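Note on naming: letters A, B, ... go to the chains in the order of the sequence lines (proteins, then strands), and numbering restarts at 1 for each one. The analysis underlying the following values was restricted to heavy atoms, covering all of them including side chains, and did not include hydrogens, waters or symmetry mates. It should be emphasised that the depicted structure is a prediction, and the values quoted were computed from it without experimental measurement.
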2 protein chains.
Amino acid sequence: MDPEGSAGPGTVRPGGRTARVRAAVLRAAEDALAEQGFASLDLADIARRADVGRTTVYRRWGTLHNLLSDLLRDMAEQSLPRTNTGSLVGDLTANAKLVRRTLTDPRQGALFKALIAAATCDTRTAEALQRFYDARIKEWAPCVQRAIDRGEVPEGTDTHEVIRAVSAPLYYRLLISGDPLDRTTAERAAEAAAAAASAGAFVRANRRREQRDDRG
Amino acid sequence: MDPEGSAGPGTVRPGGRTARVRAAVLRAAEDALAEQGFASLDLADIARRADVGRTTVYRRWGTLHNLLSDLLRDMAEQSLPRTNTGSLVGDLTANAKLVRRTLTDPRQGALFKALIAAATCDTRTAEALQRFYDARIKEWAPCVQRAIDRGEVPEGTDTHEVIRAVSAPLYYRLLISGDPLDRTTAERAAEAAAAAASAGAFVRANRRREQRDDRG
DNA sequence: GAGTTAACGAAACTGGAGGACCGTTATGGA
DNA sequence: TCCATAACGGTCCTCCAGTTTCGTTAACTC
């Protein structure tokens with residue numbers, strides 16, 4: 001009756017078949033999203049791909065958005081390698097290259113596009129997407145913290161914001177401009193973020209700015 | 001039989017009723033997109049809002065994507081005010097504030113979200129979206145050119161890329177992170193883009209980089 | 001290893017989105 | 001002013017996504 005979250009830890013019998021079905025459906029959903037995007041997508045097709053009964057998918061997830069939220073929760077749990085090159089630009093460049101590799105991969109790029117599109121239509125999916133990116137960004141934030149410790153970047157810098165600044169231009173290309181995501185773009189994004197961070201552009205609790213914001 | 005683009009200049013009787021219907025439907029589509037997003041949207045609802053027969057909408061546009069492409073074409077024709085403050089940071093800040101105002105407006109923000117989501121699902125809509133942003137960016141590129149002429153920014157700088165760099169972090173917040181689009185964010189985006197431009201980050205035909213790209 | 005029941009799946013049902021048909025309106029041309 | 005017809009709109013029809021029903025399978029318990 002209340003399918004939301006029922007696919008998660010709330011299930012009474014999470015082992016064996018249930019877990020297999022969940023995994024198969026989530027993989028099928030990824031495939032379907034990557035291949036045909038978000039709009040022309042129905043649960044029946046996903047069920048067919050997963051070799052699972054239509055009814056099961058409708059009952060356990062109910063709506064497409066519940067399924068995608070669950071998929072994002074699942075994706076957030078898989079972690080990716082970080083790096084430690086010794087310099088902020090080095091680490092940010094590694095991050096930019098990783099993001100670029102992901103987004104230029106036909107399957108993954110299409111998948112992320114579709115998930116972001118889905119998030120624009122549904123609040124719960126949007127929250128799941130935010131949690132996913134928060135998890136990813138948390139993994140990379142330490143490289144900015146190390147830069148602070150080394151004195152490369154001013155104290156009080158918003159570490160998460162620096163990581164986000166690397167991704168922003170790459171996602172802009174993916175979603176809006178459609179320009180190719182080449183190496184140059186990735187390196188430029190990393191260098192620009194590093195430069196801005198060093199210049200103190202991401203220091204939070206910036207008095208002057210906050211006062212201006214309060215007045216406006 | 002071939003509805004694609006038939007709502008545009010291809011119509012045989014573009015005056016009077018036809019034009020009225022087109023305008024009403026496009027406005028209704030905007031409303032519907034802004035209010036309920038892209039996913040839960042059907043042409044029947046749009047027809048009702050426009051006070052127009054369902055059949056008309058299906059015949060003239062056929063699919064939702066044709067309608068949205070047409071809407072984007074229409075939006076691209078409406079131009080917005082530019083500025084000339086005398087400095088690159090000033091102009092870019094004005095641009096950032098304009099973009100921020102647009103995206104924080106509940107109606108417009110939702111509309112752009114929905115259009116971007118639609119573009120991820122359909123190539124033709126994606127092209128229309130790119131044309132729309134190209135038009136907008138072309139209007140602002142001259143302020144970067146003036147900065148080049150003043151010697152504020154190196155020769156050979158990709159003017160369009162600088163303008164895009166201002167928007168990227170704002171759209172990242174709108175679509176992905178969900179963080180509030182406050183004044184600070186807009187100013188920071190403008191300052192970061194200006195700083196990166198001055199440092200020569202957007203100079204195209206950068207030999208060293210291109211060679212590296214060729215090798216990779 | 002036997003019983004209980006959560007979870008799955010096949011088949012039949014239903015509502016509404018999208019399309020076909022055809023009469024009506026009003027535009028552009030003479 | 002009148003005609004030809006492009007374009008609109010009401011009605012009916014079709015098809016399929018999403019739901020309900022009920023029998024089957026296989027986790028968990030003791």
What donor-acceptor contacts under 3.5 angstrom involve side-chain atoms of residues 173-180 of chain B, with partners at least two apart or in another chain?
residue : atom : partner : partner atom : Å
B:R173  : NH1  : B:P180  : O            : 2.7
B:R173  : NH1  : B:T185  : OG1          : 3.4
B:R173  : NH2  : A:E161  : OE1          : 3.3
B:R173  : NH2  : A:E161  : OE2          : 3.2
B:S177  : OG   : B:D179  : N            : 3.2
B:S177  : OG   : B:D179  : OD2          : 3.2

* **B:L64 CG to C:dA17 P, straight-line distance once rounded to whole Å** => 13 Å
* Does the pair A:R73/A:D70 count as a salt bridge with the N-to-O cut at 4.0 Å? -> yes
* **Rounded distance in Å - CH2 (A:W61) to P (C:dA7)** => 12 Å
* Of the candidate nucleotides C:dA7, C:dG19, C:dG9, which contains the atom at the shortest distance from the side chain of B:R54? -> C:dG19
* Let me know the distance between CD1 of A:I46 and P of D:dG18, rounded to the nearest Å. => 10 Å
* **Euclidean distance, atom CG of residue A:D42 to atom P of C:dG15 [Å, nearest integer]** => 20 Å
* Asked: Which residue, B:R48 or A:D51, contacts DNA chain C at a nucleotide closer to its 5' end, judged by nearest heavy atom?
  -> A:D51
* Partner set under side chain to side chain contact (heavy atoms under 4.5 Å, CB included) for A:A32, not counting sequence neighbours -> A:L41, A:D45, A:I46, A:R49
* Asked: Given C:dA7, D:dT21, D:dC8, which nucleotide is nearest the side-chain atoms of B:T56?
  -> D:dC8
* What's the closest nucleotide to the A:R17 side chain, out of D:dA7, C:dA7, D:dT19? -> C:dA7
* To do: Examine the base of D:dG10 for any acceptor or donor lying under 3.5 Å from a partner atom in the side chain of B:T55, and report the outcome as yes or no.
  => yes
* Calculate the interatomic distance between A:L41 atom CG and D:dA17 atom P; express it in whole Å. => 11 Å
* No-hydrogen, no-angle side-chain donor-acceptor test under 3.5 Å, A:D149 and A:Q145 -> yes
* What is the distance from CZ of B:R60 to P of D:dA7, rounded to the nearest Å? -> 8 Å
* To do: Return the 5'-most residue of the pair A:A44, A:R20 with respect to DNA chain D, ranking by each residue's nearest nucleotide.
  => A:A44
* Structure fact -> A:Y58 atom OH is separated from C:dG15 atom C1', nearest whole Å, by 14 Å
* **B:D51 and B:R20: CA distance, side-chain angles, deciding distance, salt bridge (charged side-chain N to carboxylate O under 4.0 Å, His left out) verdict** => CA-CA 11 Å; B:D51 203 26; B:R20 261 196 320 275; over 6 Å; no
* Do the rings of A:Y172 and B:Y133 sit parallel, tilted or perpendicular, given the 30° and 60° boundaries? -> perpendicular
* **Side-chain donor/acceptor contact of A:R59 with base of C:dG9 under 3.5 Å** => yes
* Structure fact -> If each end axis of the helix from C:dG1-D:dC30 to C:dA30-D:dT1 is fitted on five C1' pair positions, the angle between them, to 10 degrees, is 50°
* Asked: Less than 4.5 Å apart, any side-chain heavy atom of A:R60 and any of A:V25?
  -> no
* Structure fact -> To the nearest angstrom, the CG-P distance between B:L67 and C:dG18 comes to 12 Å
